[in-house]
Structures are given as structure tokens and as C-alpha cells.
Novice: 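Questions regarding the structure given below will be posed in turn.
The model shown is predicted, which means the values in this text are computed figures rather than measured ones.
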Amino acid sequence: MEYHIHPCASRRISLLPLALCLVLSITITTTVSAFNRTTIRFDEGYTPLFSDFNIDRSPDDKTVRLLLNRLSGSGIISSDYYNYGFFSARIKMPANYTAGIVVAFYTSNIDTWEKNHDELDFEFLGNVNDRPWRFQTNMYGGGSVSRGREERYRLWFDPSKESHQYSIFWSPKNIIFYVDDIPIREVIHHPDLGGDYPSKPMSLYATIWDASSWATNGGKAKVNYEYEPFAAEFKDLVLEGCRVDPIEQISSTNCTDRIARLIAQEYATIKPEGRKAMKWFRERYMYYSYCYDNLRYKVPPPECVIVPTEKERFRDTGRLREKMRFGGSQKRIRRGRSSRRRSRNPAASGSGKGVAAAAAM
């Protein structure tokens with residue numbers, strides 16, 4: 001397959017000199033082999049999490065639509081826990097006015113370890129008309145919610161026009177977040193991370209929910225139910241790893257062998273062409289990184305790799321400098337505040353995840 005990331009395709013970038021556009025296109029358009037993914041039907045690996053009436057499964061059970069309306073959000077969960085793994089789905093976001101909406105694709109074990117849970121997040125944040133979807137990734141280990149490690153980004157495409165693949169690779173050595181086979185973030189298991197590195201078996205979740213209190217413009221733009229229902233579509237479902245019984249927490253197979261096979265997969269290592277694509281993405285589409293937030297962390301957390309070309313783009317708050325022009329369709333970036341809260345009953349407020357994550361931008 002190819003990395004289709006052409007900077008000249010954007011209206012904002014089309015004013016660049018043609019020669020520069022051609023150079024950038026050559027640099028970031030790289031041919032690589034597609035990942036070998038084995039997809040499953042919904043009933044082979046998932047079960048409803050809440051609000052079954054808002055879960056729409058296709059006749060072949062290969063596609064599931066999660067709906068949000070004024071009654072509730074909705075969510076699904078993997079039938080098993082996984083002791084490390086590769087989790088992936090092609091997701092299409094709701095279109096038009098999506099302010100206040102969060103679509104989440106994440107791993108967690110909060111139901112088993114409420115006070116010291118692990119978690120890896122993709123969180124997609126809706127917006128008002130003519131404003132792009134944004135998203136963030138995050139990592140927690142051992143209940144380290146006060147030390148959230150979030151990064152926030154925009155995309156080079158409209159995620160509501162067609163589905164795109166989003167993947168989380170998690171091993172004892174590293175964590176990689178992918179968008180369409182493009183690595184956008186890697187976390188290396190640094191020895192000093194200690195319990196902050198996710199290490200306990202986790203389930204895979206997918207949810208859509210009402211986060212009007214914080215998700216768009218700091219909660220100023222709410223979900224408008226005149227546009228309901230809002231639908232997030234999930235297909236090409238992938239659950240790979242060592243399955244663990246969610247009740248007994250016992251593996252039915254040898255996880256040592258399964259983990260070894262997982263680490264040997266192509267998606268477990270970022271190759272040079274992937275590094276180039278990741279550098280391009282992060283330098284053009286990342287607008288917040290905790291690693292450069294000197295107000296929160298006087299000393300960057302141990303897993304942070306400070307990249308000079310990234311650092312020069314950010315203020316001491318970890319937010320993009322005003323003079324730095326963003327590579328997407330967003331014209332300007334507003335300041336916001338971050339907060340995160342959890343609920344054991346996500347359906348109670350119509351929320352799918354029960355998490356009020358940062359990124360009120």
C-alpha cells in the first residue's frame with residue numbers, strides 16, 4: 001500500500017511553491033507492505049457494553065454502528081481481556097454538526113482494577129459546522145490518571161467522509177498508535193516508567209457519548225439533538241493478542257509464545273519510511289504534547305524523546321506557538337483547559353466512555 005499524504009492537496013497548502021510541494025510529496029509518499037490483519041465478525045470478539053437499542057449491526061455482522069441520541073450514547077466491549085495485543089478498526093465519524101460528541105476507541109481494565117487501572121486511548125472530538133474533527137491519544141498505567149500523557153492532533157482528511165483505520169499496538173516493549181498504517185506516536189517502555197507503563201490485561205472498547213460539558217470550546221458548544229441520531233461506524237475489526245478470561249484473569253494459552261509472535265509482526269516496529277511519515281504528521285498536525293508542557297512537568301517524563309524540530313513549535317504549555325501555522329484546515333487554535341473524570345456507569349449521562357478528557361480547544 002501507499003502512504004497517501006500529499007501536502008499539495010490541501011487548499012491551505014496549495015499556495016506553496018510548486019517545487020516545494022513536489023519535494024514534500026516525494027518525501028512523505030512512501031510505498032510499504034500492508035499490515036497482515038485478520039478481521040473478525042462482531043460476535044467473534046465483541047459484546048454490547050450498554051444501550052443495545054443504539055447498536056446497529058450489519059446483516060453479515062462485520063460492521064457495527066454506534067448511535068447517540070437524546071436517550072443515550074452506546075458502546076461495545078471485547079468479550080475477552082488481552083495480555084498485550086494489536087487492536088484495530090476502520091471508523092467513520094458522524095458528519096455535519098458534531099459539537100460535544102466524543103467517539104472513543106480504547107483499551108482499559110478499569111472494571112477490574114478501578115483504582116490502579118491501565119488504559120490506551122484514541123478519543124475523537126466533534127466540532128461545530130465547518131470545523132474539523134480533532135483527536136487525542138493518551139496512556140495510563142497503574143491508575144496514573146494524574147499523570148496523563150495526552151497528545152492532541154488534527155487530521156489530513158475529513159474522518160466523516162469515509163472510514164479510516166485506527167490501530168493500537170501494545171507490547172511489553174513499546175506502544176504504537178497508527179492512523180491508516182501511519183505511526184503517529186510511539187511510547188517506549190523506559191525502565192523509569194515503573195507502574196506507569198500499562199502491563200495488566202485489558203479489554204477493547206468502542207463508544208460514542210455526549211461530552212457537552214467539555215469537548216468543544218470548553219463546553220460552550222453542546223450536542224444539538226436536532227441533528228440526531230449521530231452514528232459512528234466500525235468495521236474491519238481486529239483483535240490480536242493473548243486472550244485472558246475476564247473473570248478468572250487466566251490465559252487459555254501460553255502468553256509467552258503469543259507475545260513473541262506479536263512482537264515479531266510488522267506493525268511492532270517502525271521502519272525508516274514509517275519514521276519519515278510519523279515526523280511529517282507530528283510536525284504538521286500535532287497541536288499539544290505533554291512532553292513539551294513545562295508547566296505540568298518541570299522534568300519531562302522518562303519516556304519522552306525531545307525532538308528539536310518538534311520542541312521549537314511549542315510554548316512552555318505544550319501548546320502550539322501562535323506563529324506556527326497549522327497544516328490542516330483549522331485557521332487558528334484557541335486556548336483551553338484540561339480535565340478528566342470517570343464514571344462507573346457511562347450510560348447514566350448518555351456518555352459512552354464516562355471520561356471527560358482534556359482538549360477543550
Novice: Determine whether a donor-acceptor pair (N or O, by modelled atom type, separation under 3.5 Å) exists between the side chain of N127 and the backbone of A99.
Specialist: no

Novice: Hey, are S160 and D158 close enough side-chain-wise for a donor-acceptor pair under 3.5 Å?
Specialist: yes

Novice: Going by heavy atoms in the side chains, are F281 and Y153 under 4.5 Å from each other?
Specialist: yes

Novice: With side chains defined as the heavy atoms from C-beta onward, is the minimum distance between E123 and Q136 less than 4.5 Å?
Specialist: yes

Novice: Taking the six-membered ring for Trp, are F86 and Y178 parallel (under 30°), tilted (30 to 60°) or perpendicular (over 60°)?
Specialist: perpendicular

Novice: Do L67 and Y46 sit in the same hydrophobic cluster, where Ile, Leu, Val, Met, Phe, Trp and Tyr count as joined when their side-chain heavy atoms come under 4.5 Å apart?
Specialist: no

Novice: What closest approach, in Å, do A268 and I263 show between heavy atoms, and which atom pair accounts for it?
Specialist: CB-O, 3.2 Å

Novice: Looking only at side-chain N and O atoms, does S51 offer a donor or acceptor that is under 3.5 Å from a partner on S74?
Specialist: no

Novice: Anything under 30° is parallel, anything over 60° is perpendicular, the rest tilted; go ahead and classify W280 against Y285.
Specialist: tilted

Novice: Within the 3.5 Å criterion, strictly below it, is a donor on T112 or Y81 matched to an acceptor on the partner's side chain?
Specialist: yes

Novice: Are any of the side-chain heavy atoms of I208 and I101 separated by less than 4.5 Å?
Specialist: yes

Novice: Tell me which one of F177, F105, F124 satisfies ring-ring contact (aromatic ring centres under 6.0 Å, His included) with Y166.
Specialist: F124

Novice: Determine whether a donor-acceptor pair (N or O, by modelled atom type, separation under 3.5 Å) exists between the side chain of R296 and the backbone of G148.
Specialist: yes

Novice: Looking only at heavy atoms, what is the nearest atom pair of N54 and S72, with distance?
Specialist: ND2-O, 3.0 Å

Novice: Side-chain donor-acceptor pair under 3.5 Å between S163 and E233, yes or no?
Specialist: no

Novice: Taking the six-membered ring of Y287 as reference, does the cationic atom of R154 (NZ for Lys, CZ for Arg) lie under 6.0 Å from its centre and within 45° of its axis?
Specialist: yes

Novice: Evaluate the criterion salt bridge (charged side-chain N to carboxylate O under 4.0 Å, His left out) for residue pair E240 and R261; output intermediate values, then yes/no.
Specialist: CA-CA 10 Å; E240 297 180 358; R261 287 199 295 270; over 6 Å; no

Novice: Which value, rounded to the nearest 0.5 Å, describes the distance between M93 atom CE and I91 atom CD1?
Specialist: 5.0 Å

Novice: So that I can tick it off, tell me whether E228 and R70 are bridged by a salt bridge, with the cut-off set at under 4.0 angstrom between side-chain N and carboxylate O.
Specialist: yes

Novice: State plainly whether one hydrophobic cluster holds both F50 and Y106, where clusters connect Ile, Leu, Val, Met, Phe, Trp and Tyr through side-chain heavy atoms under 4.5 angstrom apart.
Specialist: yes

Novice: Does a side-chain heavy-atom distance below 4.5 Å link F314 with L320?
Specialist: yes

Novice: Would you say the side-chain atoms of Y197 pair up with the backbone N or O of P191, donor to acceptor, closer than 3.5 Å?
Specialist: no

Novice: Which heavy atom of A211 sits nearest a heavy atom of V102, and at what distance?
Specialist: CB-CG2, 3.5 Å

Novice: For E162 and H164, which heavy atoms make the closest approach, and how far apart are they?
Specialist: O-CD2, 3.3 Å

Novice: CG of N217 to CG of L125: how many Å apart, nearest 0.5 Å?
Specialist: 11.0 Å

Novice: Any chance you could lay out the side-chain contact (heavy atoms from CB on, under 4.5 Å) test for D121 and Y140, step after step, and finish with the verdict?
Specialist: CA-CA 9 Å; D121 294 330; Y140 300 99; 3.9 Å; yes

Novice: Can you label the angle between the W214 ring and the W209 ring as parallel, tilted or perpendicular, going by 30° and 60°?
Specialist: tilted

Novice: For S78 and G45, indicate whether the former's side chain and the latter's backbone hold a donor-acceptor pair under 3.5 Å.
Specialist: no

Novice: Taking atom types as modelled, is there a side-chain donor on Y225 or D210 under 3.5 Å from an acceptor on the other?
Specialist: yes

Novice: Treating N138 as the side-chain partner and R149 as the backbone partner, does any N or O pair qualify as donor plus acceptor under 3.5 Å?
Specialist: yes

Novice: Between T98 (side chain) and G126 (backbone), is there a donor-acceptor pair under 3.5 Å?
Specialist: no

Novice: Under the side-chain hydrogen bond (donor to acceptor under 3.5 Å, both in side chains) test against Y292, which residue among R319, R315, E310, E151 passes?
Specialist: E310

Novice: If we only count heavy atoms from C-beta on, is the Y84 to P201 side-chain gap below 4.5 Å?
Specialist: no

Novice: Any heavy-atom pair between the side chains of F230 and N69 that's under 4.5 Å?
Specialist: no

Novice: Which atom pair, heavy atoms only, marks the closest approach of Q165 to S88?
Specialist: NE2-OG, 2.6 Å

Novice: Less than 4.0 angstrom from a charged side-chain N to a carboxylate O is my criterion; do R282 and E186 meet it?
Specialist: no

Novice: Whether the side chain of W170 engages the backbone of P198 through a donor-acceptor N/O pair (distance < 3.5 Å, no angle test) should be reported.
Specialist: yes

Novice: Distance from K298 atom NZ to D293 atom CG, nearest 0.5 Å?
Specialist: 9.5 Å

Novice: Test your reading of the model: is there a side-chain donor-acceptor pair from R152 to the backbone of R134, 3.5 Å cut-off?
Specialist: no

Novice: Donor-acceptor check, side chain of R321 to backbone of E312, threshold 3.5 angstrom: yes or no?
Specialist: yes

Novice: Measuring from atom OH of Y82 to atom SG of C255, what distance do you get when rounded to the nearest 0.5 angstrom?
Specialist: 11.5 Å

Novice: Considering only heavy atoms from C-beta outward, does the side chain of F53 approach that of P48 to under 4.5 Å?
Specialist: no

Novice: Counting only N and O atoms by type, is there a donor-acceptor contact under 3.5 Å from the side chain of N109 to the main-chain atoms of D118?
Specialist: yes

Novice: So do R185 and I175 actually touch side chain to side chain, heavy atoms under 4.5 Å?
Specialist: no

Novice: In sequence, state the C-alpha distance, the side-chain angles, and the governing distance for V145 and H117, and then conclude on side-chain contact (heavy atoms from CB on, under 4.5 Å).
Specialist: CA-CA 9 Å; V145 293; H117 81 283; 3.8 Å; yes

Novice: Could you measure the distance from the OG1 atom of T47 to the CD1 atom of I76? Nearest 0.5 Å is fine.
Specialist: 9.5 Å

Novice: Are D181 and R37 ion-paired here, with the side-chain N under 4.0 Å from a carboxylate O?
Specialist: yes

Novice: Let me confirm one number: the CG-OG1 distance from N174 to T269, rounded to the nearest 0.5 Å.
Specialist: 7.0 Å

Novice: Applying a strict under-4.5 Å side-chain criterion to I, L, V, M, F, W and Y, I'd like to know whether L295 and I306 cluster together.
Specialist: no

Novice: Looking at every non-hydrogen atom in both residues, tell me the closest pair between E283 and T309 and how far apart they are.
Specialist: OE2-OG1, 2.6 Å

